[in-house]
Amino acid sequence: MMKRKLIIAVTGLNATDNPGPGIAVIRALRESESFEARIIGLSYETLEPGIYMHWLVDKTYQLPLPSAGVEDLYKRLEQICQTEKIDVLIPNFDSELFNFIRISDWLRRNLKIHTFLPTENQLEERAKHNLADFGSKYNVSVPESEIHHNTISLMNTDFTYPFVVKGKFYDATTVYSREQAVQAFNRIAAKWGTPVIVQKFIHGQEINVTAVGDGDGNTLGYVPMRKQYITDKGKAWSGVSIQDDELEKITRTLMGKTKWRGGLELEIIRTDDATYYLIEINPRFPAWIYFANGCGQNHPELLVNLALGLQVKPLNTYEPGKLFIRYSYDMIVDLKEFEKISTSGEL
Amino acid sequence: MKIRKNLAISDTGFIFDPATGNSFSTNPIGLGILKLLKEEKKQEDIISKMCEEYETDAVTIERDVQEFITLLEKFRLSDHDET
């Protein structure tokens with residue numbers, strides 16, 4: 001059977017030790033059974049490894065940083081579309097989502113680029129600094145948290161150590177003393193701005209879930225994974241798929257109540273007494289999303305078909321007991337390639 | 001005592017708990033006990049079966065089986081832990 005040919009643009013090509021999901025998304029798209037994809041990488045920095053991974057990424061274009069705003073982003077995409085007829089675009093960074101959501105209608109109408117993104121409201125209410133309200137609204141346990149704009153208020157916290165200091169988009173550090181807390185605050189605030197979130201430390205097993213919602217309250221894909229090896233940046237370097245009925249119920253209820261649209265990652269702690277605390281919702285695919293494909297559910301493929309308005313069947317089964325083990329790899333890149341992306345913004 | 005039905009137990013003595021993602025390994029004697037537990041055999045039946053199989057006194061076998069069952073409970077592999 002001939003597969004449909006699509007041009008799909010993907011961001012998050014920073015396959016580093018704190019990886020963006022782009023490369024994992026692309027690997028899943030390459031294994032799609034319903035279409036054959038030409039992959040357009042969209043990068044922000046010239047050293048994002050995905051730019052040079054030509055066996056996965058057909059062509060890369062550089063985008064203006066999210067801080068440049070929606071107008072610059074739109075103009076750049078308009079320019080790219082003079083060469084590439086992009087069918088679907090999958091943004092993979094939290095920090096760029098707001099811009100893409102704002103221009104999504106515009107992209108569809110004017111450039112015929114389809115997306116399948118959460119709404120602006122969904123993005124905002126699951127934001128880290130709104131997690132407490134999110135927990136009460138949707139009746140899900142979340143750790144107590146505080147919002148801090150400066151170190152003076154942070155030093156007056158009533159939380160006992162250890163606790164977790166988190167950036168508004170990324171980064172989380174567990175701190176055990178006031179000195180460590182201040183140091184973490186300054187580092188995170190310098191990188192991601194304020195507010196900085198302080199969250200009570202919950203002891204237990206860290207479980208992550210990737211899921212896809214159709215925007216009407218249905219969960220079309222669900223794969224949970226327990227982190228087995230965690231890097232010093234808190235990232236999963238290996239994990240195992242699990243089967244936990246209570247976790248599945250929590251996920252499906254949450255997806256149903258929020259009517260989540262698109263892919264997401266739930267970060268959950270399961271305590272020894274089997275209480276589940278939602279510690280974070282990432283409004284996009286996780287960097288380990290290719291693992292879901294390995295367990296039998298291709299979530300990026302599902303998302304592309306949803307973006308195109310196609311009828312999709314929910315993926316209801318997956319294989320528990322599969323492992324993923326990440327590895328690092330040194331690519332040898334010719335200076336000419338680096339020069340090209342640096343000077344012309346494309347490769 | 002029963003062991004959880006969803007445990008994956010291989011012939012090599014490798015045990016995977018799909019609820020937690022934890023894995024364990026046991027020796028052939030532990031594997032034998034697990035198989036009997038999976039068949040829902042009572043503890044005293046397991047002990048007498050082990051006495052037939054191994055040339056050791058009943059007291060030692062009873063102690064070892066009890067110790068192994070305590071381990072299974074500790075690792076939450078027993079049925080009453082199932083949520």
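What you see is a predicted model, and the numbers here were worked out from it, not measured in a lab. All heavy atoms count here, side chains included; hydrogens, waters and symmetry mates do not.
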* To do: Scan A:K322, A:M225, A:K227, A:Q228 and name whichever one has a side-chain contact (heavy atoms from CB on, under 4.5 Å) with A:V240.
  => A:Q228
* Let me know if B:N22 has heavy atoms under 4.5 Å from chain A in its side chain, its backbone, both or neither. => both
* Asked: Among A:D171, A:D17, A:T16, which one satisfies side-chain hydrogen bond (donor to acceptor under 3.5 Å, both in side chains) with A:K233?
  -> A:D17
* Counting only heavy atoms closer than 4.5 Å, note whether B:A8 contacts chain A via side chain, backbone, both or neither. => neither
* Asked: Does A:K200 count as lying over the ring of A:F159, i.e. NZ or CZ under 6.0 Å from the six-ring centre, within 45 degrees of the axis?
  -> yes
* To do: Answer yes or no: is there an ion pair linking A:E246 with A:R270, defined by an N-O contact shorter than 4.0 Å?
  => no
* Asked: Measuring heavy-atom distances to chain B, does A:Q205 have an atom under 4.5 Å in its side chain, in its backbone, in both, or in neither?
  -> side chain
